[in-house]
Amino acid sequence: MKSSEASTATLLVLVVSLPILSTASAQLAPVRRMPFAEHVERYDNPLAPPRKLETSPRMISQFGVFTSYQVNVDANHQNIIGDAANECVIAVDPTDLNKMTIGWRQFNDVTSNFRQGGWGYTSDAGLTWTFPGVLENNVFRSDPVTKSNETGNFFYLSLQSNVQQSFFCDDLWRSTNGGQSWTLLSGERGAGGGDKQWFTIDQTNGPGHGFQYQADDGINCSGGGVQFQRSTDGGVTWQSPISIPNGPVYGTLDVDTNGNVFVGGEGNTFYCIRSSNAQIGNQTPTFDHITPVSMGGDLSSGGINGVGLTGMLFLAVDRSGGPTNNNIYMLASVVPSGRSTTDVMFVRSTDGGLTFSAPHKVNDDPVNPSKWHWFGTFSVAPNGRLDAVWYDTRNAANNTDSQLFYSNSTDAGVTWSPNVAVSNSFNPFEGYPNQSKIGDYITIVSDNTGGNVAYAATFNFNPNRGQHEEDVYYVRVFPTGGGTPTPTPTASPTATATATASPTATQTPTATATPTGTPTPRPTPTPRSEPTPRPRPTPRPRL
């Protein structure tokens with residue numbers, strides 16, 4: 001992650017003193033307002049030398065009715081001891097919900113901060129994952145973004161740089177076989193962009209159908225400003241960048257059913273910015289609505305996530321076709337005024353981004369200045385339901401051990417369901433790959449019965465280092481009493497870890513910690529000897 005343009009450099013970087021926390025507080029970094037005009041993506045270690053690869057059983061972590069499956073596993077579906085993976089993004093094939101891909105920052109060895117573009121794919125609704133390798137061996141990559149179009153093609157936008165950090169450019173990859181392999185569409189560094197980039201795809205039936213749009217945070221390929229770029233040929237070529245008014249950074253973008261493009265992010269305040277003509281291929285995109293938005297606080301870095309961010313701004317548009325169609329929603333983990341920890345805050349617009357509601361706190365625990373609700377993200381289901389997930393420390397005596405939490409809304413975010421813990425607790429400080437953070441974000445993609453989440457956690461224990469490891473996990477979340485979730489198989493039995501060169505210690509793959517929160521009150525599924533993927537759903541019609 002990066003900095004932003006010089007025009008926002010005048011913003012104050014606020015250093016906030018932390019409250020006195022319990023045992024883990026000594027590990028907390030100072031909390032700062034989002035780091036404008038500061039470059040954070042650094043090439044500070046060379047690629048780690050080859051080493052003996054040791055493995056242990058993949059982690060399947062059960063928490064109530066929710067099951068998290070490890071994604072970054074080897075060809076034999078085993079955990080790789082000594083690596084790290086974080087900053088994970090998920091894409092789902094809307095024509096076959098069993099097929100998904102997750103991209104992440106891959107660290108082959110925690111002794112080096114050199115990262116590459118890792119990915120995994122599944123064809124059985126997330127029960128098993130294959131990690132073929134990285135996009136390109138020995139190429140420094142970060143900030144992955146994945147998306148699917150309406151026909152099920154996957155796209156992977158990846159930032160790359162070199163030892164000298166003489167450039168920060170993106171390239172775009174496409175998979176037509178469910179994430180099994182990728183083809184470079186844009187050419188090396190051919191997608192422009194920069195750090196931190198997000199992108200989206202126009203899947204409407206309007207003139208911009210198939211257009212791709214991205215926004216970056218100012219440390220970019222062109223060398224200046226917070227910028228917007230467009231591709232009108234499916235990501236093969238990208239047009240010249242255009243400066244985004246007010247320089248909003250650390251935020252995503254989306255398209256409504258009329259083809260309008262909305263960019264969210266924080267500058268001197270949060271903004272929702274619209275381009276209504278980006279969908280017209282022969283016109284240079286302009287921005288015709290610039291709406292300041294109160295999110296009830298500011299984005300921040302430090303604190304519970306070391307050198308990383310504690311959240312980003314996620315913007316998404318409702319394209320359900322119902323009464324909430326084209327509502328614009330924004331959600332972020334922010335530091336409220338007078339605090340040094342974060343809450344998950346949400347706003348909505350029902351008039352095309354002209355005005356927004358007052359911020360609403362999604363985490364439903366009482367305000368506690370020692371508790372964190374971080375990495376908040378959300379998505380909109382095709383039927384208009386909102387699904388939000390985040391890391392939460394409310395159940396931790398030390399105020400830092402975190403669990404993934406979930407809540408949903410069926411009334412456009414006016415009210416939210418009681419918060420539910422969906423993962424076991426983990427220590428976010430362990431497993432750092434020579435870089436003190438667990439990435440900068442997690443993601444979720446929803447369908448009509450639930451949400452598919454990619455997140456990083458430290459459930460696996462590395463006996464060689466005497467601490468846990470950062471790995472990527474998939475979990476399916478779903479509303480209480482909602483549709484049948486992804487089948488929950490019996491956790492893998494305890495197995496003896498193996499290595500490519502010599503055997504390693506025995507390790508238990510299934511987390512056994514007693515849940516500290518109350519999971520969704522649903523009966524425990526009947527164990528199965530072999531998990532069965534979800535039936536192939538009926539393809540969703542194009543909007």
- Atom pair CG/CH2 of Leu315 and Trp198 - distance to nearest 0.5 Å: 12.0 Å

- Task: Give a yes-or-no answer on whether the side chains of Asp74 and Thr55 include a donor-acceptor pair shorter than 3.5 Å.
- Result: no

- Item | Test side chain to side chain contact (heavy atoms under 4.5 Å, CB included) applied to Ile442 and Asn86, Val89, Leu404, the passing residue | Leu404

- Message: Side chains of Asn399 and Thr393: any donor to acceptor distance under 3.5 Å?
- Response: no

- Heavy-atom nearest pair, Ser379 first then Ile444, reads CB-O, 3.4 Å

- Message: For the residue pair Gln106 / Asn72, report whether a side-chain donor-acceptor contact shorter than 3.5 Å exists.
- Response: no

- Carboxylate-amine/guanidinium proximity below 4.0 Å for Glu136 and Arg141: yes

- Message: Using 30° and 60° as the class boundaries, would you call the ring planes of His468 and Phe461 parallel, tilted or perpendicular?
- Response: perpendicular

- Task: Answer yes if the side chains of Glu469 and Asn460 hold a donor-acceptor pair under 3.5 Å, and no otherwise.
- Result: no

- Does the side chain of Val472 come within less than 4.5 Å of Ile102's, by heavy atoms? yes

- Task: Please round to the nearest 0.5 Å and tell me the distance separating atom CD of Gln70 and atom CG of Asp471.
- Result: 4.5 Å

- Item | From Ser333 atom OG to Trp372 atom CH2, the distance as rounded to the nearest 0.5 Å | 10.0 Å

- With sequence neighbours left out, the residues meeting salt bridge (charged side-chain N to carboxylate O under 4.0 Å, His left out) with Asp83 are none

- Item | Phe314/Phe378 aromatic ring centres below 6.0 Å | no

- Contacts of Tyr455 meeting side chain to side chain donor-acceptor pair (under 3.5 Å) (sequence neighbours excluded), chain-then-number -> Ser68

- Kindly write out the residues that satisfy salt bridge (charged side-chain N to carboxylate O under 4.0 Å, His left out) with Asp93, not counting sequence neighbours, or none if the list is empty. none

- For Phe199, enumerate each residue passing the ring pair (Phe, Tyr, Trp, His ring centres under 6.0 Å) test, keeping only those at least two apart in sequence or located in another chain. none

- Hey, could you give me the CH2/OG distance between Trp374 and Ser402, rounded to the nearest 0.5 Å? 5.0 Å

- Item | Pairwise distance CE(Met312) to CG(Asp440) - rounded to 0.5 angstrom | 5.0 Å

- Task: Measure from the ring center of Tyr156 to the ring center of Trp182 and say whether it is less than 6.0 Å.
- Result: yes

- Message: Between Asp365 and Lys371, does any NZ, NE, NH1 or NH2 come within less than 4.0 Å of an OD or OE carboxylate oxygen?
- Response: no

- List in chain and number order the residues that pass salt bridge (charged side-chain N to carboxylate O under 4.0 Å, His left out) with Asp392, two or more places apart in sequence or in another chain; answer none if no residue qualifies. Arg394

- Query: Listed by chain and number, what are the salt bridge (charged side-chain N to carboxylate O under 4.0 Å, His left out) partners of Asp343, not counting sequence neighbours?
  - Reply: Arg339

- Query: What pair of heavy atoms forms the shortest contact from Phe154 to Val92, and how long is it?
  - Reply: CE2-C, 3.7 Å

